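The chains referred to below are lettered A, B, ... by the order of the sequence lines, with proteins before strands, and numbering in each begins at 1. Owing to the predicted nature of the structure, the values given are computational and were not obtained by experimental measurement.
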Amino acid sequence: MAAITLIEAVTMALAHEMRRDESVVVIGEDVGVNGGVFRATNGLQKIFGDQRVIDTPLDETMIAGLTVGLAAQGMKPIAEAQFDGFVYPMLDQIICHAARFRTRTRGRITCPLVLRVPWGGGIRAPEHHSEANEAMFTNVPGLRVVMPSSPHRAYGLLLSAIRDPDPVIYFEPKRIYRQYKEEVADDGEALPLDVCYVLRDGSDLTLVTWGSQVKECLEAADKLAEDGISAEVIDVATLRPLDFDTIRDSVKKTGRCVIVHEAPRSGGFGAEIAARLAEESMYDLLAPVERVTGWDTHIPLFRMEMNYLPSVARILSAARRTLARSA
Amino acid sequence: MAAITLIEAVTMALAHEMRRDESVVVIGEDVGVNGGVFRATNGLQKIFGDQRVIDTPLDETMIAGLTVGLAAQGMKPIAEAQFDGFVYPMLDQIICHAARFRTRTRGRITCPLVLRVPWGGGIRAPEHHSEANEAMFTNVPGLRVVMPSSPHRAYGLLLSAIRDPDPVIYFEPKRIYRQYKEEVADDGEALPLDVCYVLRDGSDLTLVTWGSQVKECLEAADKLAEDGISAEVIDVATLRPLDFDTIRDSVKKTGRCVIVHEAPRSGGFGAEIAARLAEESMYDLLAPVERVTGWDTHIPLFRMEMNYLPSVARILSAARRTLARSA
Amino acid sequence: MSVVATFSIEYQRYLDPEGRLVEDDLPPFARDDEALVELYRHMSYTRSFDSKAVALQRTGKLGTYASCLGHEATHVGVASAMQYDDVMAVSYREIGAMLHRGVKPREILMYWGGDERGSDWSGPAHDFPICVPISTQCLHAAGSALAFKLRGEPRVAVAFCGDGGSSKADFYAALNAAGAYQLPLVLVVVNNQWAISVPRSAQTGAQTLAQKGIAGGLDCVQVDGNDLIAVRAATEYAIARARNGHGGSVIEAVTYRLSDHTTADDARRYRDEAEVKAAWEQEPMRRLRSYLSEKGLWSDSQEQAWKETCAKRVDEEVNAYLASEAPPLSDMFDYTYAEPPLDLVQQRAELLAGSKR
Amino acid sequence: MSVVATFSIEYQRYLDPEGRLVEDDLPPFARDDEALVELYRHMSYTRSFDSKAVALQRTGKLGTYASCLGHEATHVGVASAMQYDDVMAVSYREIGAMLHRGVKPREILMYWGGDERGSDWSGPAHDFPICVPISTQCLHAAGSALAFKLRGEPRVAVAFCGDGGSSKADFYAALNAAGAYQLPLVLVVVNNQWAISVPRSAQTGAQTLAQKGIAGGLDCVQVDGNDLIAVRAATEYAIARARNGHGGSVIEAVTYRLSDHTTADDARRYRDEAEVKAAWEQEPMRRLRSYLSEKGLWSDSQEQAWKETCAKRVDEEVNAYLASEAPPLSDMFDYTYAEPPLDLVQQRAELLAGSKR
Ligand SMILES: Cc1ncc(C[n+]2csc(CCOP(=O)(O)OP(=O)(O)O)c2C)c(N)n1
Ligand SMILES: Cc1ncc(C[n+]2csc(CCOP(=O)(O)OP(=O)(O)O)c2C)c(N)n1
Ligand SMILES: [Mg+2]
Ligand SMILES: [Mg+2]
């Protein structure tokens, strides 16, 4: 068992499923010889050939539509959007068709595809390469929206996503693609979708987040612990459908919640979690909910991007504000 | 001053601005001779000619991109998406460009366009003609997202949208296009964007909604009044940027809030309002927030659609549930 | 300065509007008298059904419906050139093609009657359902064709789109994919001259819609879409070519939308009655009937009898449609995912409880 | 069966790789010696700047950068055929064209250095900024051309996209719009053989990229993109045609991406060194220099002196770039809308307060 990065875990999961199930194909721009611009599909074409790892012409509408067609005819396509910012031309096919074929045909035609989307900021990339646009998908019925935050979860959740009979949008937080290594066994053990992962138990405060902000939240929790404050950290992992039970249980215990995400605040997915708290946890809350998010602006070019992204400092001040409030 | 329907108010506002400002052009599928499939642009081509009222080839990507180009070069284009369900191919140009040119160029190039989108269900239309997809836009910085709910507001808000120096997504609730008439003066008086409209004062409960559900909420308020319950009804009108102050003030007074919208619940824009309440109104809330929304499924074909849409009955039971809860 | 590439677009027609043969090399299928009569019967059945569907809408028994009046030769010509295992991807108008593939009229009515169960049909399970977002089905067909190619299956995917649809991103993407991957894909552009109120001339500056295929290196042809023999022949050729690994084609079938766009449209707002009248002279039923009569393969009494048969069959189907019970409310939840997640289970319970109150 | 449309694609070249004239009918601009030398100087300046930018990235002083090595003839040829009032819409690679339009190197560096202020540039205020989402700029140019047409302005819009970009929905949409509305639009497809790792051959089944214009009824031509004279001549022709109301064109400029895709790419992963070496034989600087030298218009010492001038100018620009102060944090909020709405005002205050702590 080797220690691998998150992106290596993605590659490992792809290879595992391609071996296991020959209907699995990988499709996207530069996924072949080049192994993807991030190397997520590195080496796969060598092993599985160009009939399983398929470069496409440069058109995201085409990638999405071909993928829908492949899935509808019994293949298990895993499409790659090269970057978050290039996913928009795919939305029509994903929303109107991938997410709907099952209900439209009462199950006659289904669309078991995975769309992998390298996601988020913090890597000093050019414009359109740093978007946190998960909210484009979280209001769409029929989709699963998944985001791992560790090599282990990247592997296990991607296996599940591929095996899932419905379309899954699989966001990969590129800022932590290579941030650290972790031992991950290539044992084909899938991790459950549709559940939140409690990464750290705590009793004073709940930090709820996903993707690359998981690391900032864990760091913030460490800092809080130095002051004797015990923060629970929850990785949402599947945004749609949301496992609110885990969050509710945590807040029942802690009475305080800070939600952290990269996307702009207004209309971001953090709102859904805060909304559920307002609906179902009001009597448990000892202080108002806080959101620490990207500002309601576009993520700026990289000279300023770190001033845009949530940071440990901003999480800490929100946490302290929350802790200072009384019910 | 004639009594006119909501869609006639749209037409009147379009004509008014086209007379006032010759850079205003209308562009879309079937907007010309046919006057739009809903007749929103009825007669405009006759008055203003085919250089001001422009039919397009059938490609929404094209319509969006042309519109962005027109706006960037000093025109004031008003594009029509024929139906809500056909707006997805426009998202790329809207999100990547319309919403960003100002910030990208530090104000050198701007994009003052309006995208009119006939919106929502309840008219027994075919598939893809009944979507409530405002959440595709409400997490996008740089956009305004506006939805009128009466002939008077349709006229005044559309004038403002056209005059606004930034891109505006203008959703038109087609279910109430012709639901009733109202006297509207063609006086060029714009109504403010970025503010909520309080349509009915109340003290026991706040109903927050937008679009065609405004009517259901007002009816529910009438019903509640029969029982001596005083419901305040707020039409959000501009979803982004949100005027939360008006909602907060109302809830400060009433202590109870039911949010009503057609879109699926999870990740819908109602979540943002509930989230703001959880952040800023916790100490004012006497009962948990409730959302009455479309289910987390696609809106079904019309044989079942009325079971999908919120109804006066569902609003009433949420209101009563809320009223029965104690702080 | 040198010329590096040249292209030409052919126009194919066998029967003129009067039903006279204008080409000698009749394709084999058209030399099989019984088969040709059978195709005529299909066209006639399509028209029977179509006019009934319009009537149902007029009396409030159907939702908005898109008539296929005038498209019978194109629909039957294409569908009859396909094998069962091939995949068909339609827009909303290819009623004749769907019927030919075995979809039941009651199912088509259910769909337009606002009931998803209509798409869980008796036609081939692998065919795509009616597709409303214009031309998106072209990419489903391209993806299907890619699946066939990857699996080495000798199958072909056929997609229809309109003249309007030939402007759409997804159409170009499909033809580009077909060329890039050498896919067994046939794109049939049903040029019926109108996209709602937008005439063909406003849709593009291209002289023909067939030539759009040149952009992807495909085989391109324009056919008289009112001539069953031409449509079927061109489709047979394109399908054989595709099945044999020689790649994709664009077939432009030139026809005319004799009806309003849908029952929600009034075409008199934007087009001349004279144009429609002229188009009736070109319509596909009459010319094939003349040809068959001339050859002694079809008589007035056969026509009469067949029309009655059609009417009876259609009536049976309509009755079955009208008798269909509303689907259970739970259907709304139960096909969103393979297994409804917790939230949907709760919402389903909420709706069912509310509806019982 | 009759032929209803025919098309052909011409290939244009004046200078062969050795700088020998292969056509006699030299266009007027190329007979103006001083002007031709000036164009060469522009190309040379472009290359100077480009190599410096790559070096800056290598030393961590610039973000990812997309080199235009080998594209100088195409960039300068197109840009120099434009008038100031025309509108240019670039992708990210047309550095040579931007410089020719008056954008300062320091501004280009600012952009790639992660600073939006680089796009508030000294070039024409109406030109479009660098555009990352592939080919979306083609539609901005088409929309601009539509604005010119509606306002009756004698202006032309010119968009660049790549061979990869010619597969994109927006490219087809732009050419379709150009044909449908007869727009003053010139689409320049810079076919540099690669779209990151995807070779031209995998991008489409079309023999030429120029022929894609046939899908929209446009004028189409393929030119040697390494031949300044051919590019400029073809662009002049297309622009004049557009300006005179005769509609749009597609120009495929065949060249080669001599660099990696960007500084974040390593092209050795996917392409042969031999291919790159062969492409160097075709590159645009050498052939124009040979031609000018041969005609006695350019000498080694002039070359030397000009290179030094370029280096000095570029250094000044680099210094100005490196000396630029960070933009105020409030900039992030102040250009989102014309007036920041309340929420943004609050968030701006929050950030500014936090950054002071
Ligand atoms: C993406 C999209 N945009 C708009 C529409 C609305 N619409 C339905 S049919 C139609 C015209 C289609 O014309 P054409 O492609 O020629 O097909 P026809 O109806 O003539 O068969 C339009 C604009 C749609 N269904 N999908
Ligand atoms: C919509 C979109 N998808 C993907 C990308 C990522 N990407 C950047 S450049 C590039 C290849 C472009 O190739 P080509 O059009 O030939 O232009 P070149 O880089 O060769 O100049 C890709 C895939 C992008 N910028 N935009
Ligand atoms: Mg048509
Ligand atoms: Mg290229």
Counting heavy-atom pairs closer than 4.5 Å to chain D, which one of D194(B), I27(B), T105(B) comes out on top? T105(B)

Working for side-chain contact (heavy atoms from CB on, under 4.5 Å), residues D343(D) and R276(B): CA-CA 12 Å; D343(D) 280 5; R276(B) 294 294 291 269; 3.3 Å; yes

Proximity breakdown for N176(D) and chain B, heavy-atom pairs closer than 4.5 Å: both

Measure A180(D) against the heavy atoms of chain B and call it side chain, backbone, both or neither at under 4.5 Å. side chain

Residue pair L150(D) / V25(B): nearest heavy atoms and the distance that separates them: CD1-CG1, 4.2 Å

Would you confirm whether the ring centroid of H97(B) sits within less than 6.0 angstrom of the ring centroid of F128(D)? no

Note: R102(B)-D334(D) ion pair, threshold 4.0 Å (strictly below): no

From CZ (R100(B)) to CD (E116(D)), nearest 0.5 Å: 9.0 Å

Count the heavy atoms of every other residue, nucleotide or ligand shown that sit under 6.0 Å from CD of E153(D), and state whether that count exceeds 12. yes

Max heavy-atom pair count under 4.5 Å with chain B, selected residue of A169(D), P341(D), P129(D), A174(D): P129(D)

Given that the side chain runs from C-beta out, which part of V87(D) has a heavy atom under 4.5 Å from chain B: side chain, backbone, both or neither? side chain

Give, for atom CD of E22(B) and atom CZ of R151(D), the distance between the pair rounded to the nearest 0.5 Å. 10.0 Å

Side chain, backbone, both or neither of D243(B) within contact of chain D (heavy atoms, under 4.5 Å): neither

Counting N and O atoms only, with roles assigned by atom type, does the side chain of R106(B) sit under 3.5 Å from a partner on the main chain of D120(D), one being a donor and the other an acceptor? no

Residue I130(D) versus chain B: region with a heavy atom under 4.5 Å: backbone

Would you name the heavy atoms of I109(B) and A125(D) that are closest together and state the gap between them? CG1-O, 4.0 Å

Atom CG in L342(D), atom CZ in F244(B): separation rounded to 0.5 Å? 12.0 Å

Which bit of Q93(B) comes within less than 4.5 Å of chain D, counting heavy atoms only: side chain, backbone, both or neither? side chain

Quick check: do R104(B) and Y335(D) have side-chain heavy atoms less than 4.5 Å from each other? no

Determine the minimum heavy-atom distance between D166(B) and A338(D), stating which atoms define it. OD2-N, 2.7 Å

Pairs of heavy atoms under 4.5 Å with chain D: top-ranked of A99(B), G65(B), P241(B): G65(B)

Side-chain contact test, heavy atoms from C-beta onward, threshold under 4.5 Å: evaluate it for M62(B) versus L139(D) and give yes or no. yes

Does G142(B) offer a backbone N or O that forms a donor-acceptor pair with the side chain of Y337(D) under 3.5 Å? yes

Interatomic distance, OG@S119(D) vs CZ@F101(B), rounded to 0.5 Å, equals 9.5 Å

Looking only at heavy atoms, what is the nearest atom pair of M75(B) and A147(D), with distance? CG-CB, 3.8 Å

Distance-only, no hydrogens or angles: does the Q73(B) side chain make a donor-acceptor pair with backbone N or O of G143(D) under 3.5 Å? no

C138(D), part contacting chain B, at a heavy-atom distance under 4.5 Å: neither

Contact part of P165(B) toward chain D, heavy-atom cut-off under 4.5 Å: side chain, backbone, both or neither? side chain

Would you mind checking which part of D164(B) comes under 4.5 Å of any heavy atom in chain D, side chain (CB onward), backbone (N, CA, C, O), both or neither? neither

Kindly compute the distance separating CG (L66(B)) from CG (D170(D)), expressed to the nearest 0.5 Å. 10.5 Å

Chain D shares the most heavy-atom pairs under 4.5 Å, among T110(B), I63(B), I54(B), with I54(B)

Specify the closest pair of heavy atoms between Y181(D) and D55(B), including all atoms of both residues, with the distance to one decimal. OH-O, 2.5 Å

